[in-house]
Each structure stands twice: as C-alpha cells, then as structure tokens.
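Accompanying notes for the structure given below.
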There are 4 protein chains.
Amino acid sequence: MASRNATVALIGAGDYIGAAIARRFAAEGYSVFAGRRNGEKLEPLVAEITATGGTCIGRSLDARKEEEVTAFLTEADAHAPIEACIFNVGANVNFPILETSERVFRKVWEMACYSGFLAGREAARLMVPRGRGSIFFTGATASMRGGSGFAAFASAKFGLRAVAQSMARELGPKNIHVAHLVIDSGVDTAFVRDLRRKRIGSDAIEPDELMDPASIAETYWQLHRQPRDAWTHELDIRPYGERW
Amino acid sequence: MASRNATVALIGAGDYIGAAIARRFAAEGYSVFAGRRNGEKLEPLVAEITATGGTCIGRSLDARKEEEVTAFLTEADAHAPIEACIFNVGANVNFPILETSERVFRKVWEMACYSGFLAGREAARLMVPRGRGSIFFTGATASMRGGSGFAAFASAKFGLRAVAQSMARELGPKNIHVAHLVIDSGVDTAFVRDLRRKRIGSDAIEPDELMDPASIAETYWQLHRQPRDAWTHELDIRPYGERW
Amino acid sequence: MASRNATVALIGAGDYIGAAIARRFAAEGYSVFAGRRNGEKLEPLVAEITATGGTCIGRSLDARKEEEVTAFLTEADAHAPIEACIFNVGANVNFPILETSERVFRKVWEMACYSGFLAGREAARLMVPRGRGSIFFTGATASMRGGSGFAAFASAKFGLRAVAQSMARELGPKNIHVAHLVIDSGVDTAFVRDLRRKRIGSDAIEPDELMDPASIAETYWQLHRQPRDAWTHELDIRPYGERW
Amino acid sequence: MASRNATVALIGAGDYIGAAIARRFAAEGYSVFAGRRNGEKLEPLVAEITATGGTCIGRSLDARKEEEVTAFLTEADAHAPIEACIFNVGANVNFPILETSERVFRKVWEMACYSGFLAGREAARLMVPRGRGSIFFTGATASMRGGSGFAAFASAKFGLRAVAQSMARELGPKNIHVAHLVIDSGVDTAFVRDLRRKRIGSDAIEPDELMDPASIAETYWQLHRQPRDAWTHELDIRPYGERW
C-alpha cells in the first residue's frame, strides 16, 4: 500500500461502520483521523491499522462541541490535507411521542444533526480554499420517513439530510462532493444481533441478511472515487432480502 | 356566529398567516388562544376579533421554552377544550454555509423545529385522553428541498416535517389529526412586498400573484373540518402563476 | 339548489367514488356529465340525481379512445361550459412480474394513464381559451410506491401522476387548476368488503375504518373551491386508523 | 482481460451511454449483447471491442416488440448466461400539452416504459431460476419531476421507475439486483452539444461540465459489483457544477 499525503477525517468512529470506513481508507494509503466520544475505545482499531502498515490516529471528540470539531479537523488537516470528511454519528431511539422528553429530543438532534452541520461546515472551511474534497453523511430509513415513535430520531435525520442537500447544492460547483448515504436496514453489529436475540430468541443470521460494515465502507470508498462529472448525491443501500 | 365550547391554540401568531387563522377559527365560534414572542403585538388582533363578537386571547410566549408552551396550552385548555393546535413559527434565513454560525443554526432549529415538537407533544398530551383534536404544522418549500444557503432553515423545516409525520402515524389511530401544510411560495406580507421592492424596484403585485393569508387560513379550516375517514396528512399550496 | 351554467365532466364514473363526486357537484348546481364503459350502469345514478332536482347525463365511454373522449367532453361543454374535469378510472391489479403479460401491462396503462392523458389534454383544450377550469386526477398508494406485484398498476399510476404534474406546471399560469389526489387506503366499496370477507372471514368494518366515497367527493369539491392564490396540487387522504 | 462465461445484455445500445457500458463490461471479460433499432449502427462498436480482444455481438432490435426482446435475450443467454441486463432506451421529447398527440404519448411510453418492462421481465425469467443477476434501468430528471412540456416523457420515465421499484421489491429476495440510475443532467453527446450550440452560439464545454458516458458506464459497473448485503436500488448522478 502506497501512503498518500491525504487525510480522511471520521467523525463518529464507532466499532462497526466507523471502524470499517477507517480500515477501507487506510488500506488505500490515507491517514485516518478517527474521533469518537471515548477515544480510548479506538485503541484496538488504531493498533490493527498500524499493524498493517497504515496510519490511524484516534481522538476523543464530542462532536456536539464546535471548538472540539474545529480542533479535531484542524489537527487532521495539519497532519495531511483532508480529502474526505465522513460524519457517522448515530442516535437511534424510539419513544412514544408523549414520552419523548425535551432532553431526549434535543440530545438526539445535537448528536445526529447539529454535530453533522458542524462537521460539514468545518470540513468545508478547510476544503473550499483548496477546491477539492468529499463530505459524506450517513443517513438511515428515518432520513426519509417519520415512523411512529421516531419523532426525535427522524427529525434529526431529516434535518441532517437537509444539511447535506443544501451543502451539495452550494459546494458542488466549488468542487466539493457532498453525499448522503441512506442505510435502509440493519447493519451486522452486536447491538442488532442482541435485539434479534431478544425478539426472536436467536441471533442466527442468514448470510447477507444484515449489512456487513465493510460493504458500507466500500460504498463510501466508491463515492469518494467518483469522477466529478458524475457525482452521486444520494443513494440507498440494503441487503438483498430486505423488505422495504 | 354561534360560540363553541372549544379552543384553538395558535403558536406563532404573526401578523399575517397567524392572524388570518385566528380570524377564521374565531369566525366559526372558537375561542382563539394566540401566542407570540411579544404578546402586546397581538392587541390589534384581539381588539378586532372581540369587536366582531369573537373570542381571542393574546399571550406572550417564547415557544422555545417548554414550561411556557405547557402553561400556554394548559391555560387555553382550561378556558375551553383545545380542539386544534396550530404551529406557525417561522425562521427563514439564508446564509452561505461557511457563514452559518452555530448560533444561527441552533436558533433557527429551536424556533422552527424544537418548538414545534414541544407544541405538538403538549397539545397531544391534552388531546389524547379525550380522543380528539387537530395538530397542524406550517411547512415551506424548504421542508422538501435543501437549497443552497438554506442549511439552517431547511434542516429545521425538514425536522419539523419528520415530527409531523411521526406524530401522524402514532396519533392518527388515537383520533388525533396531524397535518403538515407546505406553503410553496411567497405570502402577501409586508416583508415579502419589501423584498420585491428591493429586488425589482416595485412592489406592484399582480392579483393573486402572492398568497393571501386568508387563503392559507381557509386551508387550515378545511383540514380541521375533514371527516376522520378521509384525513389529509400533507398538502401543498401555491398561487396559480407560481413556477415550481 | 341554484342551478349553474356549468358542467363537471366525470370520466370513470364508477359506483362509488365516481357516483359520489357526481352527487356532490350536482348538489352544487353543476350539470354532471358522467362517462363509464357501460353507460347503462349509470341509470340509477342519473335517476337519483334527477329526482333531487339535479342534472346528470350518463354516457357510455371508452376512455381509451381518443375520439370518444373528445366527443364526450365536447358534448359536455356544449351543454354548459366545463368547469371541472375529473379523471377517476381505476385498474388495480396485482401479478408477480413473471406473470404480468404484456397485454395486462398495456391495458392497465391504457386505462389508468393513457386515458387520463387524453381526458386532461382534451379538457385543457376546452378550458385554456376561456382561461379557467379544474382538472383533477385520482391517484393511489401505487402512485407513490412501486410495491411487489404492482409493476403494471404502479407504472400506470406513476405515469398518471407525471401527467398531472406536467400539466399543473404548464397550465397553472393559464389559470387551470390541475390537482392529484392520493387515496392512500381502501375505500368502502363492495369489492373491498368482499376482499376483507375472504381474507379475514368477515366484512365487519369499524366506523370510519374505510373511506366513505362521499368524503373523497368532498375533498374534490374543496379543491375545486380553492381560490387561485392558494391552489393545492397534491394531497393525500386516508382514514384516521390507517397504518402507512 | 480474462474472458468470463457471462453475458451482459444491453437494450438501447446508443452511441454514447450504451456504447460506454458495452466497453466497460467487455473490458471485464463479459460478452456483450447489444441491441438497438438499427443494428448496423453497432458495427463500429463491435469492431472496436473485438479489436481489443473483447466480445460484442450487435443485433437489430425493436425493444417494443415482445417477441424480439424475448428472442434477443434468449440468444444472449444461449451464448453465455446473462448476468446483467441494462435497459437504456431514451425518448426525450418536449411538447406543450395541447400539442402532445396521442401518437407521441403512446410512442414515448412504448419506447421508454413498456419496452423497459418487457426487458426487465424477460431478463428476470432467465435469471430467477438461476437465482442471480442484475437488471438496471436508466432514469432521468424526468423520472422524478414532471416539468412543463414533459407530460409524455415524464409519464414514461415515472412509469419505468415504478417498474424498477416493483421488480426490486419482488426480486431482491430472489437474489436479483434491480436498480434505477437517475441521470440528472446533460450527457456529453453530439445531440447535447448541438443543442447548446443553437442555444448559446457555442459548443464550448468546460471540462466535466457534461457527463462523460464512460462515467455513467462506470457507475453501472460499480452497481453490478456491489455485494448483495448492500445493494443500491436508486442513485442519482450529475456533474459537480450542475444546478439542481
């Protein structure tokens, strides 16, 4: 793997999708700057990528804090120019509307929408002067549909989609590729397997019944590789057997 | 006009759409509880409706404060049972993404989305036990499309639409009619006339080129009258000559 | 009821929605020109409306035949100027894709889309010179979503929606109100009751569980009454208890 | 290039997008079966691909004729199992509604929608028993929006999108990947350059201002490569500078 003088900043570098994106871009020679709430949890990922000859730097990051986002991206960009910023903070909750506290509503928005705005804007601030870069946002079914019990989560995800769309329309002509990826199904994570175990008494998963985080990471990589005469702003992904 | 033992609560009772909704429901015998940031500005409206034999009560209300929203709706409901709650707070701003401060992004969201969630939830809390009521939200073009420069406003309006959709799916079966009205054009207000004067040097408006607030109010009234076997969740309105 | 010098042309005047629309507009003093495949089936409706002092004229009409549509609308307009043309031909079928014959695909399109184009265009030809009129199309869940087994039906309904949208954008500025009403649920018809009987062994329907055709007709009437500064192009309707 | 025992069938193999897709899949070792109205026009493409060691077979094909579509796909499948079928017939026209003849409306539908249904269904008939394959449809801006003057074209493209969606929902679980690619901008073709010359007096194109057919072909190739745990059903593409 040839190393590049380029960084991908990953905001919301969780154990599954985030880690897979880190691996995918590291494998292409990018330095990966990975941020998540509790930075120590990134140690195994950093060790793994380093062991394969890649570069991954982990940071504790509260993505809801403007100054932390700015500092994180500035540091990443100082390491090597940021070519991609991927926002992947989740906050899936479900409450009946009468039990949705203002605290939950606000917190979900801060995590899933407001921090996405901060990440996108701060990445744009670094990329626009240089006239290139990719800014990608992870969406969900709830980005497109406000289901029962999802007032807080769907509201935040709809809001994030609007940020992505507005940024794409403004920044496309400045050669910044802004995309929104709608993950319309369960991903193969410990949390999802656990849910299924509780629901149906088993966590047996058919092959390819859930999305492999590596497949999602591959989608991001393909988006980043698109030539600028044919950029995708939005796409959905789901497993072959999914009902939708 | 026969008076009814019923209240309509109006959150965001501005000089145009809000005032027109107040007049329309007052004309049907509803007590109107009208709230806006600066309650004194409601005095002419209250006087006008009172003069025609209607009931309109104006209150200062910061719709971003949970306790104020709760108190406002509780008082309205104590006056007479709330049959309709209409959320009409606007916050239209346009900034290039790099000039969209976190303060603006947050404030627009608090005004146009978060306060809509509070209004809807608190209205539902009063309506659900009684098994009836209408909760309506005012949307805009930006509810459906994130245009360049609209990251803050579209994000809030997308988010409000998600709240409306989630509430509709949960509360419809409880006989609460939740609707979202997309105003896809300019309304005939002093602000819009002023903008046009600046842009094209004249505020001459062709008849029906802009929406009359009374027409929007009529749409809300028709939504409220719909029988429950054929409820509309979402509709758009625009003037006949509008390009879209 | 004061009689008006105005006609509403109803293409696809079936026993439920079509008949209800006929009754609603006749009750407002419109002459109703009702067309359906087998015109004799309109006799009871004509008799009923006539008995209440209204005017309803029934005609056999194959809406897939251009010359028949032209003749039908020309005759209606000669009777009294056409103020509204409502297209309500249905063709709901469900087949697995491999069992969808080209004959079915074509026929469903001819009934639900092509004939809607003919009706809309021919109505526009009469209305445009006079600068007024309403052209409304009946849509369905399948207008918005291509479900499994619905390749033929959804394709025709999507296509009809495109016709409505294109016509609205072109003809709105000519003062022709073009609207598309999405009926997102079952209507209370013999056919639907029969289906339920087969499926769940009973045709017992909760009150307002299905849409009353009269409620749909009322929605069309309200659309027709809208002032031109606030026209709706699209709205959905469904019963309060519907899952969607 | 290693040759594979696999065929891609290309229906609507025009000089630009179609030819580019043929080249892309041929370069991966697929036998390409290319069909277009006038098969002789395929000779240069066949010669070019053959010269590079690939396999391309050109056929005259009227995609509106069921028996021709069946025969074309059967022959392709006999050559080597069909792994992908790509439908790319265009029919972009713009007429005011009153000048849209029934002949145009029907013909555009037959070319852009009906023949897509035939291609999709017949490809599925070959793929389903074998439990694998890709069926892709080329969409356009008009697949999502019915613009003024586009009643015929948008109606056909909306209809094709519904076919794609219905097939995806039914055939996904059978391991057939059905996707719809929305080309939301001009492609760099002689026709588009010509239009621009007429409109703005010059066909000077900024680099990447129009989409290179090769970029569209690459998108189809990436869709075909997706692992089945993360299939995209729909994506849009447009050049970086496009206003949308």
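FYI, side chains are in, hydrogens and waters are out, and symmetry mates aren't considered; it's all heavy atoms of this structure. Chain A is the first sequence line, chain B the second, and so forth, proteins listed ahead of strands; every chain is numbered from 1.
Annotation for A/Glu170 and B/Ser148: closest pair CB-OG, 3.3 Å, computed over non-hydrogen atoms. Taking each heavy atom of A/Gly159 and B/Ser155 in turn, the nearest pair found is O-OG, 2.9 Å.
Top candidate by heavy-atom pairs under 4.5 Å with chain B, chosen from A/Phe150, A/Phe153, A/Phe158, is A/Phe158. Contacts with chain B were tallied for A/Arg125, A/Met144, A/Arg161; A/Arg125 has the most, counting heavy-atom pairs under 4.5 Å. Taking chain B as the reference chain and counting heavy-atom pairs below 4.5 Å, the highest number among A/Glu66, A/Glu122, A/Arg145 is found for A/Arg145. Ranked by heavy-atom pairs shorter than 4.5 Å toward chain A, the options B/Ala152, B/Pro96, B/Cys113 are led by B/Pro96. Each of A/Val128, A/Leu171, A/Leu98 has some count of heavy-atom pairs under 4.5 Å with chain B, and the biggest count is that of A/Leu98. Among A/Val163, A/Ile97, A/Leu160, the residue with the largest count of heavy-atom pairs under 4.5 Å with chain B is A/Ile97. Each of A/Ala162, A/Ser143, A/Gly146 has some count of heavy-atom pairs under 4.5 Å with chain B, and the biggest count is that of A/Gly146.
A salt bridge links B/Glu110 with A/Arg106: the distance from a Lys NZ or Arg NE/NH1/NH2 to an Asp or Glu carboxylate oxygen falls below 4.0 Å.
Enclosure of atom CZ in A/Arg132 is not indicated, since only 12 or fewer non-hydrogen atoms of other residues, nucleotides or ligands lie within 6.0 angstrom.
Proximity of a side-chain donor or acceptor of A/Glu102 to a complementary backbone N or O of B/Leu118 within less than 3.5 Å is not detected.
For B/Thr100, the parts lying near chain A are the backbone and the side chain together; criterion is any non-hydrogen pair under 4.5 Å. Proximity to chain A (any heavy atom under 4.5 Å) is shown, for B/Ala124, by both the backbone and the side chain.
Using cut-offs of 30° and 60° for the angle between ring planes, the B/Phe105 and A/Tyr114 rings count as tilted.
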